> 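One structure coming up, written as structure tokens, with questions to follow.
What you see is a predicted model; the values in this text were computed from it and never measured. Chain A is the first sequence line, chain B the second, and so forth, proteins listed ahead of strands; every chain is numbered from 1.
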Amino acid sequence: MSAYTLAGISFLLFALAAAGFLTCGSLVRMLMFLELMLNAANVALVALGPQPASQAYAVMLFAIAAAEAGVGLALIITLASTFRTLEAANIKELKG
Amino acid sequence: MTFDPVPYAASALAGPLLLTLAAFAVLLLPLFFKTLRGTQGLVSLGAVLVTLVFFRAAPPAQLAFFSGALNLSPLSAYLWAFAMGVLALFIALSLARPAAPAEHEGEYYFLASMATIGLMVMMAAGDLFTAFIALELLSLPVYALAGIRRSKPGLEAAYKYFMLGAFGSGMTVLGIAVLNALYPSLDFVSLKAALPAQPLALAGFLLVISGFAFKTALVPFHMWVPDAYEGAPTQVSAFMGAAVKAGGVVLLWRLFSLFDGGPVREIFWWLTVVTAVFANLAALAQNGLKRLLAYSSIAHAGYIAVAFFGGTRGWEAVLYYLPVYAMATIGAFGVTLILERDEKGPKIDDLAGLGRTRPWLAAAMAAFMFSLAGVPPLAGFFAKFYAFAGAVASGYTSLVVIAVLMSAVSIYYYLRVTVVMYMKVPANGEDHPAGAPGLAEAVVFLMAAGVLLAGLFSRPLLALAAEAARWF
């Protein structure tokens, strides 16, 4: 598989994940789509970029994605126990 | 004159290192030594103040560290002093009115220190990737800080901020992936040197810029701001307004300055106009003080973006604008914090009668409102004046006309706060009990003095800003 095919797939994956993020209403799914977006971008980074540097960037991005998943999951667990729901539409404490 | 960078680097980098050490100390030590509990805030504040006092003025040179990932210069020194000042004020406000439950105090100050270190690295970053990592180091702790109370408003604020912030990060990473493929290196100098007119490069830059615009809260990337500012603890809202926004501004400014013209500038033009118009109109309809300040912060991001168009004079204006805006917004959130009875903060009408019951507090709040509105002789007027003057000198008159008109609209809602404080009688006869003045009041009055003095005597701060701007 050439680098360009791989990059094309990753762009497609990113677009699908972004669309999923914007349309789904469940917080857990949103978090999963977020991770998918980050990983798709990461694949594009490694597929297209000049080699040693891009791989180093990718490893750092793994750590970022993991940290983001950690914060996100912690938030979602606390939200679930406080609001007793995971639908974004039901969490309307604030105006707007 | 030859200059030896090593001792300077040692003393300059000692600042962030000391902050990191102190952050881990307040996180970990109380676990082992129970007597240390409750002192975490003081330890953090002490670390920041020690760092600020021993902060060495930068030599007139740009020094690259870590193979160009970190550029230290008078510019970074100015911005670092700003960042540490904001952290010190944030800690002082949190000491006065603790936002976190007592058992989480260590985490609270740890997260705030980490966010500030991320901000400092971001302000000195020499390449796009370092800037992105630093941005994450800034954002992730603030998401957690917003929800640290685990109450309903706080958690809703945190999750909205997190979801949209992380979405912005995803866009930034994709943009970085594209730019990384097209450019030999991601540092800002080579990005500027080898700017191709490829549509793909443009797409990459737009992705990165929209990711950063989420953090700076430019319209249409601002959806999280009102809810996040309203639901987060007020101290954290002040930190978001002063620190997180400043970081986003510096990054956007670096990206903006890569372009001398072309579609990116045009897109910035539209972002600026839409931000100034929308934020000011939306602010008119707000009843909650924290929401009002949130829309005000979006509007001010728009005014700062006007200054981008002013070339070198614009950079000076941005550097003067950031501390002036930070003082007014921290002060206004400080007043909100003193008056608040629940987490969502007081309504504007709850301020009725404040001018009679707590005249000094009301006077300080009026000073913040007038400064944000841009009424002379307060500092906010000069900040806006310099920001707009640079853009006019560069020929962006129509942009400035729109910004000035919207700024006139903003006088209505800032003035409304003042009118309510001085001329309205509290509806239910409720008064504002004047507690013993404490640290929160001290912060508020310090900020009021700052807003007044930086306006009456704007020369020293402006000279510092001009000196720093030369090293951009």
> Just how far is it from atom OG1 of B:Thr172 to atom CG of A:Leu38, taken to the nearest 0.5 Å?
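One finds 9.5 Å between OG1 of B:Thr172 and CG of A:Leu38.
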> With a 4.5 Å limit on heavy-atom distance, are the side chains of B:Ser151 and A:Thr82 in contact?
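When only atoms from C-beta onward are counted, A:Thr82 and B:Ser151 do not touch, as no gap falls below 4.5 Å.
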> Given a strict heavy-atom distance threshold of 4.5 Å, which part of B:Lys152 is in contact with chain A: side chain, backbone, both, or neither?
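Looking at B:Lys152, backbone and side chain both touch chain A.
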> With chain A as the partner chain, list the residues of residues 133-146 of chain B whose heavy atoms fall under 4.5 Å from it, by residue number, and write 'none' if nothing qualifies.
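Heavy-atom contacts from residues 133-146 of chain B to chain A are B:Ile133, B:Glu136, B:Leu140, B:Tyr143.
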> Side chain, backbone, both or neither: which part of A:Ile76 has a heavy atom under 4.5 Å from chain B?
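The side chain, not the backbone.
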> Among residues two or more places apart or on two chains, list those pairs meeting ring pair (Phe, Tyr, Trp, His ring centres under 6.0 Å) that have a residue in residues 12-35 of chain A.
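As it turns out, the ring pair (Phe, Tyr, Trp, His ring centres under 6.0 Å) pairs with a partner in residues 12-35 of chain A, which skip direct neighbours, are A:Phe21-B:Phe167.
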> Between atom CG of B:Leu164 and atom CE of A:Met30, what is the distance when rounded to the nearest 0.5 Å?
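Nearest 0.5 Å value for the CG-CE distance: 7.0 Å.
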> Treating B:Glu230 as the side-chain partner and A:Leu94 as the backbone partner, does any N or O pair qualify as donor plus acceptor under 3.5 Å?
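No; judged by distance alone, with no hydrogens or angles, the pair does not exist.
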> Side chain, backbone, both or neither: which part of B:Pro153 has a non-hydrogen atom closer than 4.5 Å to chain A?
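Contact with chain A involves both backbone and side-chain atoms of B:Pro153.
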> Can you tell me how far apart CG (A:Leu79) and CZ (B:Phe162) are? Round to the nearest 0.5 Å.
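Interatomic distance, A:Leu79 CG to B:Phe162 CZ, rounded to 0.5 Å: 11.0 Å.
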> I need the minimum non-hydrogen distance between A:Leu31 and B:Met163, along with the two atoms involved.
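Taking every non-hydrogen atom into account, N-CE, 4.3 Å.
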> Look up atom OG1 in B:Thr130 and atom CE in A:Met60, then write down how far apart they are to the nearest 0.5 Å.
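So the gap between those two atoms works out to 7.5 Å.
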> Would you sort out whether B:Lys160 and A:Ile91 count as a side chain to side chain contact (heavy atoms under 4.5 Å, CB included), showing the intermediate values?
CA-CA 10 Å; B:Lys160 282 187 171 157; A:Ile91 303 174; over 6 Å; no
> A:Ala63 versus chain B, heavy atoms under 4.5 Å apart: side chain, backbone, both or neither?
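A:Ala63 has no heavy atom closer than 4.5 Å to chain B.
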> For B:Gly170 versus A:Met37, what's the shortest heavy-atom pair and its separation?
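Result for this residue pair: CA-CE, 4.2 Å.
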> Considering only heavy atoms, which portion of A:Leu27 lies under 4.5 Å from any heavy atom of chain B: side chain, backbone, both, or neither?
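Looking at A:Leu27, backbone and side chain both touch chain B.
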> Could you tell me which non-hydrogen atom of B:Asn180 sits nearest to which non-hydrogen atom of A:Ser54, and how far apart they are?
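Taking B:Asn180 first and A:Ser54 second, the nearest heavy atoms are ND2-OG, 2.9 Å.
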> When heavy-atom pairs shorter than 4.5 Å are enumerated against chain A, which of B:Lys344, B:Met223, B:Met171 gives the highest number?
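Most pairs with chain A among the choices: B:Lys344.
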> Which is it for A:Leu45 and B:Ile176 under the side chain to side chain contact (heavy atoms under 4.5 Å, CB included) test, yes or no, and what are the steps along the way?
CA-CA 8 Å; A:Leu45 185 83; B:Ile176 287 177; 4.2 Å; yes
> Can you see which heavy atom on B:Ala177 is nearest to which on A:Ala41, and at what distance?
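Looking at all heavy atoms of both residues, the shortest contact is CB-O, 3.7 Å.
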> Using a cut-off of under 4.5 Å for heavy-atom pairs, which of B:Phe132, B:Phe129, B:Tyr159 has the most such pairs with chain A?
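Winner by heavy-atom pair count: B:Phe129.
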> Using non-hydrogen atoms only, which part of A:Ala58 is less than 4.5 Å away from chain B: side chain, backbone, both, or neither?
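Contact with chain B: none, neither part.
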> Starting from the C-alpha separation in whole Å, work towards a yes-or-no answer on side chain to side chain contact (heavy atoms under 4.5 Å, CB included) for B:Val178 and A:Phe11.
CA-CA 10 Å; B:Val178 172; A:Phe11 287 148; 4.0 Å; yes
> With rounding to the nearest 0.5 angstrom, report the CD to CG distance, B:Glu156 to A:Leu75.
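It comes to 12.0 Å.
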